[in-house]
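In what follows, chains carry the letters A, B, and so on, assigned in the order in which the sequence lines appear, proteins first and then strands, with residues in each chain numbered from 1. All values below were derived from every heavy atom in this structure, side-chain atoms included, with hydrogens, water molecules and symmetry-related copies excluded.
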2 protein chains.
Amino acid sequence: MSYSIGQVAEKTGLSTYTLRYYEKEGLLPFVQKNASGLRVYNEDDINWLSMIECLKATGMPIKEIRQYIELYKEGDSSLSKRLELFRKRKETVAQEIEKLQKILGKVEFKIRLYEKAVEAGSLEAVSQTEEIQQLRDELFGDPNYFPEAEGKKSV
Amino acid sequence: MSYSIGQVAEKTGLSTYTLRYYEKEGLLPFVQKNASGLRVYNEDDINWLSMIECLKATGMPIKEIRQYIELYKEGDSSLSKRLELFRKRKETVAQEIEKLQKILGKVEFKIRLYEKAVEAGSLEAVSQTEEIQQLRDELFGDPNYFPEAEGKKSV
DNA sequence: CCTTGATTTAGAGTAAGCTCCAATGTACAT
DNA sequence: ATGTACATTGGAGCTTACTCTAAATCAAGG
């Protein structure tokens, strides 16, 4: 099965601009062209796009994705480099998840604070309560992320 | 306690350029200046920066952070809007965490695949094995995210 | 007073990742 | 064969979030 650039755009949710841009950046070195110069994508190209989306989702910039593709083109001699690359990606993603979980905790604190504030009709009144102060201490007693955060003013 | 822009940069890890940029963009509307026009930051400003970093970490763009700050300036009349804003942030972050967990699964699959490939000295040999095909099915049987992904070619 | 280093401003420059345009060519149904 | 939709290229333009520059001013020590 083969696809035009428009069909691939449809299938992947990427724009035709983006597909051409990726090619220009060396992310899709295997896309064929027919006699008239039109791009003809096959299943492998779609798989590559899926891989690219995956790497992008790990936070990898386009230049580094190209490097992966260049490693792939080197063949089996680059297997251990590719393994190493995926291990680094795993680390990056794991760290990002951890960071987001901490952020989620802070946002949930804000939600509780604002729920009480809406109830009371005032933020100042609520942010000094025993309950909120205690929550604040639990969350921000950890000095790792902006220790001065979330002071008395409840910004 | 008060701080110069350089001290705040040191404290927060942001550059002095960034601090001035944030002010220009309306993210720090409370920073004072002394008689000579030099910025003088206080604890509240540091707290605001911490809040800004938190919102940024949720993926919120700077223009929307400014909108939050404008809501804050409106006082208690905007409490429920601010609550709503934090609820949306929570959704965004929760979804991002979910997405990253799926990505983590894919990356871990790649790691296993490449571990085997390095062992065998060949990617093609390994990607057709019973074990890998089974793992692939488990991970990518779900048609939500690029159903064509990870075909026979193991890109 | 003088020097050194930090700070001020307006505005220009940068990097990433697209996004679009103009002019031209291709595919195909009527 | 002609209209319509879709494709090609090079290159310009856009957005976000900084990042830096230049020229002037300020702060503090000797």
Side-chain angles (χ1 to χ4, degrees), chain A residues 1-42 45-46 48-69 89 92 96 99, chain B residues 1-42 45-46 48-69 89 92 96 99:
Chain A
M1 193 58 187
S2 72
Y3 311 90
S4 71
I5 192 168
Q7 289 171 323
V8 175
E10 180 87 2
K11 241 175 137 65
T12 61
L14 300 167
S15 73
T16 59
Y17 302 132
T18 303
L19 289 169
R20 290 193 201 94
Y21 167 69
Y22 282 179
E23 215 175 316
K24 219 186 298 185
E25 293 300 313
L27 302 195
L28 294 167
F30 309 117
V31 174
Q32 299 296 308
K33 297 201 181 173
N34 68 17
S36 327
L38 300 195
R39 286 170 181 82
V40 181
Y41 295 77
N42 62 28
D45 298 317
I46 307 276
W48 270 110
L49 280 167
S50 169
M51 188 70 243
I52 287 164
E53 285 305 289
C54 177
L55 291 175
K56 258 168 49 81
T58 72
M60 200 172 189
I62 277 170
K63 281 184 186 175
E64 283 177 42
I65 298 177
R66 182 178 50 214
Q67 286 170 23
Y68 168 68
I69 284 156
R89 282 297 108 195
T92 304
E96 182 65 14
K99 179 186 160 193
Chain B
M1 193 58 187
S2 72
Y3 311 91
S4 72
I5 192 167
Q7 289 170 321
V8 175
E10 179 87 3
K11 239 175 138 68
T12 62
L14 301 166
S15 73
T16 59
Y17 303 132
T18 302
L19 289 169
R20 290 193 201 95
Y21 167 70
Y22 282 179
E23 214 174 318
K24 219 188 296 187
E25 294 301 313
L27 303 193
L28 295 167
F30 310 117
V31 174
Q32 298 296 308
K33 298 202 181 171
N34 69 16
S36 331
L38 298 197
R39 287 171 181 80
V40 181
Y41 295 77
N42 62 29
D45 297 316
I46 307 277
W48 270 109
L49 280 168
S50 170
M51 188 70 242
I52 288 165
E53 284 306 289
C54 176
L55 290 175
K56 257 166 52 78
T58 71
M60 201 172 188
I62 277 171
K63 280 184 185 175
E64 284 177 41
I65 298 177
R66 181 177 52 212
Q67 286 169 22
Y68 169 68
I69 284 156
R89 282 298 109 196
T92 304
E96 182 66 13
K99 179 185 160 193

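In this entry the distance linking CG of B:Leu28 with C1' of D:dA17 reads 15 Å, nearest Å. The distance between atom OH of A:Tyr3 and atom P of D:dA7, rounded to the nearest whole Å, is 15 Å. The CG-C1' distance, from A:Leu55 to C:dG17, rounds to 16 Å in whole Å. In this structure, the CD1 atom of A:Ile5 is 15 Å from the P atom of C:dA27, given to the nearest Å. Between the CD atom of A:Glu23 and the P atom of C:dT19 there is a distance of 17 Å, given to the nearest Å. Distance CD (A:Glu64) to P (C:dA15): 16 Å, rounded to an integer number of Å. Rounded to whole Å, the distance from CD on B:Glu25 to C1' on C:dA10 is 14 Å. B:Gln7 has its CD atom 14 Å from the P atom of D:dA27, to the nearest Å.
You'll find that the side chain of B:Tyr17 is closest to D:dT21, out of C:dT7, D:dT21, D:dC18. Of the candidate nucleotides C:dG17, D:dA17, C:dT9, C:dT9 has the atom lying nearest to any side-chain atom of B:Arg39. Nearest nucleotide to the side chain of A:Ser15, out of C:dA27, C:dT19, D:dT19: C:dT19.
With B:Phe30 as the partner, the ring-ring contact (aromatic ring centres under 6.0 Å, His included) test is satisfied by one option alone out of B:Trp48, B:Tyr22, B:Tyr41: B:Trp48.
The phosphate of C:dA27 (OP1 or OP2) has a side-chain N or O of A:Ser36 nearer than 4.0 angstrom. Between B:Lys56 and D:dC18, a side-chain N or O to OP1/OP2 separation shorter than 4.0 Å is present. Side-chain nitrogen and oxygen atoms of B:Ser4 include at least one within less than 4.0 Å of the OP1 or OP2 phosphate oxygen of C:dT7. At the phosphate of C:dG17, neither OP1 nor OP2 sits under 4.0 Å from any side-chain N or O atom of A:Tyr22. A:Lys33 has no side-chain polar atom (N or O) that falls below the 4.0 Å cut-off from OP1 or OP2 of C:dG25. Phosphate contact (OP1/OP2 of C:dA16, side-chain N/O of A:Arg66, threshold under 4.0 Å): absent.
Each of A:Lys63 and A:Lys24 was assigned the nucleotide of DNA chain C with the nearest heavy atom; the assignment lying further toward the 5' end belongs to A:Lys63. Each of A:Leu38 and A:Tyr21 was matched to the nucleotide of DNA chain C holding its nearest heavy atom; the match closer to the 5' end belongs to A:Tyr21.
Base contact: B:Arg20 has a heavy atom under 4.0 Å from a base atom.
Pairing each heavy atom of B:Leu19 with each of B:Leu49, the nearest pair is CD2-CD1, 3.7 Å. The shortest non-hydrogen separation linking B:Gly26 to B:Arg66 is O-CG, 3.8 Å.
Within the 4.5 Å cutoff, no side-chain heavy atoms of A:Asp45 are placed close to those of A:Val8.
Side-chain atoms of B:Arg89 never come within 3.5 Å of backbone atoms of B:Leu55 as a donor-acceptor pair (strictly under, hydrogens ignored).
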